[in-house]
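A note on names: the letters A, B, ... follow the listed sequences, proteins ahead of strands, and every chain is numbered from 1. All values derive from a computational prediction rather than experimental measurement.
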Amino acid sequence: MIQLPVEPAEPDMVVRLSFGADPRAVRRALRRVHAVLSGARVLEDDRAMAELVLAEVLNNVVEHAYAGHATGMIELALSLDAEALTCQVTDHGRPLPEGELPGPCSGGHDPQDLPEGGFGWPLIHRLTRDLGYCRTPGCNRLRFRLTARRRA
Amino acid sequence: MTLVADPFDGGLAVRFEGARIDAAGAIDFKDGMKALTGSESGRVVLDLGQVGFIDSSGLGAIVAVMKQLGPGRRLELAGLTPAVAKVFRLTRMDDVFRIHDSVAAACSDAAQMP
């Protein structure tokens with residue numbers, strides 16, 4: 001059992017989104033998040049990396065947790081404080097393999113045998129802090145923090 | 001997404017007209033590139049100047065496009081925006097692809113990769 005990181009003390013903004021587990025709904029949710037972070041004056045570089053990490057996490061849910069399911073819902077909760085964005089992604093699909101977070105390693109980069117996938121978890125590990133995963137019956141919950149510096 | 005092909009001496013430049021290469025569009029992109037490049041030979045330069053966002057599915061699709069070209073033909077990239085360039089750096093895919101500042105720079109570049 002991995003302890004999930006605590007909530008930020010006093011978030012400036014809390015956003016909750018709930019959407020169907022399909023690539024187009026994920027794209028719409030990411031656009032929404034980007035707009036919210038832009039409105040909150042989060043720096044462009046941090047916004048871009050937040051969008052990337054959330055894309056990886058949400059696409060993993062669509063492609064793996066809900067693989068073979070006709071429908072499924074994803075809940076995304078974002079909480080922005082002075083310098084970080086705390087994210088919690090909840091789904092009701094299959095658990096992660098072995099019930100644990102995949103490691104940060106990816107395959108080699110032999111040009112003869114380039115990987116077409118496997119980039120996601122290394123990016124997630126690289127760009128997040130306090131990454132935690134919790135499986136309760138029928139429910140996956142992933143929590144992490146992202147750098148979100150704000151323009152003055 | 002629209003792909004616009006523009007032949008130049010020695011190869012084909014393809015401009016990706018769209019803001020994102022992501023999980024929702026990766027398959028269309030791969031299929032479109034296959035249709036455009038399948039009967040050609042020579043260099044292929046993909047212009048990503050309009051793309052502001054790429055995820056690992058999009059990156060995987062670009063790798064797949066290079067593999068579709070077959071041995072001896074390498075996919076070259078041009079015009080990466082800062083966010084896209086950063087994803088290539090973070091995944092070390094910047095070592096795999098030849099990356100040019102622009103299509104014009106790619107076309108005038110005589111030193112080609114095998």
Could you state the interatomic distance from [atom1] ([X]) to [atom2] ([Y]), rounded to the nearest 0.5 Å?
X: B:Ser57; Y: A:Asn59; atom1: OG; atom2: CG; answer: 5.0 Å
X: B:Asp55; Y: A:Leu54; atom1: CG; atom2: CG; answer: 11.5 Å
X: A:Leu123; Y: B:Lys86; atom1: CG; atom2: NZ; answer: 11.0 Å
X: A:Leu30; Y: B:Arg20; atom1: CG; atom2: CZ; answer: 5.5 Å
X: A:Phe119; Y: B:Leu59; atom1: CZ; atom2: CG; answer: 4.5 Å
X: A:Leu52; Y: B:Asp22; atom1: CG; atom2: CG; answer: 11.5 Å

Is it the case that one hydrophobic cluster holds both [X] and [Y], taking links as side-chain heavy atoms less than 4.5 Å apart, direct or via other members?
X: B:Phe8; Y: B:Leu77; value: no
X: B:Met33; Y: B:Phe97; value: yes
X: B:Met93; Y: B:Val84; value: yes
X: B:Leu36; Y: B:Leu75; value: yes
X: B:Val65; Y: B:Leu80; value: yes

Item to check | Interface residue of largest heavy-atom contact number with chain A, from B:Ala61, B:Ala83, B:Gly60, B:Gly52, under 4.5 Å | outcome: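 Highest number of pairs under 4.5 Å: B:Gly60.
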Item to check | Expected output: side-chain A:Glu51 to main-chain B:Phe53 donor-acceptor under 3.5 Å | outcome: no
Checklist entry - Above 12 or not: heavy atoms from other molecules or residues under 6.0 Å from CG of A:Asp45? => result yes
Checklist entry - Would one find more than 12 heavy atoms of other residues, nucleotides or ligands at under 6.0 Å from atom CD1 of B:Ile27? => result no
Next on the checklist: If I measure from the heavy atoms of chain A, does B:Ile62 come under 4.5 Å with its side chain, its backbone, both, or neither?
Outcome noted: neither
What are the two closest heavy atoms between [X] and [Y], and how far apart are they?
X: A:Arg24; Y: B:Ala24; result: NH2-O, 3.9 Å
X: B:Ala23; Y: A:Pro23; result: C-CB, 4.3 Å
X: B:Gly25; Y: A:Arg27; result: N-NH2, 3.8 Å

Proximal component of [X], with respect to chain B [non-hydrogen, under 4.5 Å]:
X: A:Arg126; answer: side chain
X: A:Arg28; answer: neither
X: A:Glu63; answer: side chain

